[in-house]
Amino acid sequence: MSHPQCCHTTRQSNRANLQTVARKALVQAPHSACRKAQVKRHLPHATGTQIAPEDLTSAGNQDKIRELQVEDQIEDAEQEEEVQEAMERGLEAESHEEQVAAELAALETETEQPGPAQFTLNFLWLDKNIAVSVDQLFDQTKRSPVTEYFFWPRKDAWEELKNTLETKPWIQERDKIILLNKTTEIINFWQDSETKKTVEEARAAFPDCMFQGSD
């Protein structure tokens with residue numbers, strides 16, 4: 001009599017085990033499908049290859065996925081290299097433009113006629129004569145004579161100064177021209193026929209030159 005009851009208990013136990021296994025399968029199934037769907041979403045869009053979720057577990061398809069991912073990474077790296085090369089070309093072009101602009105600015109500076117940077121004129125301001133000489137400047141306080149004094153109108157001071165400067169090749173042509181033009185300007189200022197200019201007026205009019213004399 002006890003044997004059928006034991007069998008009935010065994011069948012109930014087996015049924016309960018089957019129900020437990022079924023519930024576990026139902027719980028795990030969505031997680032597995034979700035993982036397959038995630039793998040599918042990570043496939044490169046450019047290839048257009050579609051692989052069904054149920055085929056993702058095969059070794060061949062897994063290799064295909066890895067190949068597609070590697071191709072996508074290579075394509076991204078090539079695009080980054082192209083962008084980097086374009087940026088470098090842009091920087092090189094900008095650097096070349098800046099270099100050209102700097103060279104043009106240097107040429108414009110060379111063609112200008114600024115005051116002499118290394119030389120200055122000395123004048124003796126006298127009643128009947130004016131004398132001119134050239135000094136070399138080493139700084140604001142140190143001077144060294146370059147020429148003797150040349151007098152006007154006793155002699156042709158401008159012509160004598162010109163001839164002397166031509167014997168000194170270490171003086172740039174630009175500086176020679178500036179010195180001669182400044183000499184002409186100051187001699188004309190001194191011999192103004194309308195008003196007799198004083199040495200103080202000469203110093204005020206030409207502050208870059210040195211004047212000695214008395215009113």
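We're numbering straight along the sequence, starting at 1. Note that the structure is predicted; figures quoted are calculated from it, not measured. Just so it is clear, the values below take in all heavy atoms, side chains as well, and ignore hydrogens, waters and symmetry mates.
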Trp190 side-chain N/O to Glu185 backbone N/O, donor-acceptor pair under 3.5 Å: no

4.5 Å side-chain heavy-atom contact, Ile130 and Ile186: yes

Sub-6.0 Å ring centroid separation between Phe206 and Phe123: no

Partner set under salt bridge (Lys or Arg N to Asp or Glu O under 4.0 Å) for Lys155, not counting sequence neighbours: none

Cys209 side chain near Lys182 side chain, heavy-atom distance below 4.5 Å: yes

Thr195 side chain to Lys197 side chain, donor-acceptor N/O pair below 3.5 angstrom: yes

Under 4.5 Å side-chain linkage, directly or through intermediates, the cluster mates of Met210: none

Phe211-Tyr149 co-clustered via ILVMFWY side chain contacts under 4.5 Å: no

Side chains of Val146 and Ile171 in contact at under 4.5 Å (non-hydrogen atoms): yes

Exam field: side chain Glu201 to backbone Thr198, donor-acceptor pair closer than 3.5 Å: yes

Listed partners of Thr164 passing side-chain hydrogen bond (donor to acceptor under 3.5 Å, both in side chains), at least two apart: none

Side chain to side chain donor-acceptor pair (under 3.5 Å) partner of Trp158, chosen from Thr184, Asn181, Thr183: Thr184

Beyond-backbone contact of Phe119 with Gln172, side-chain heavy atoms, under 4.5 angstrom: no

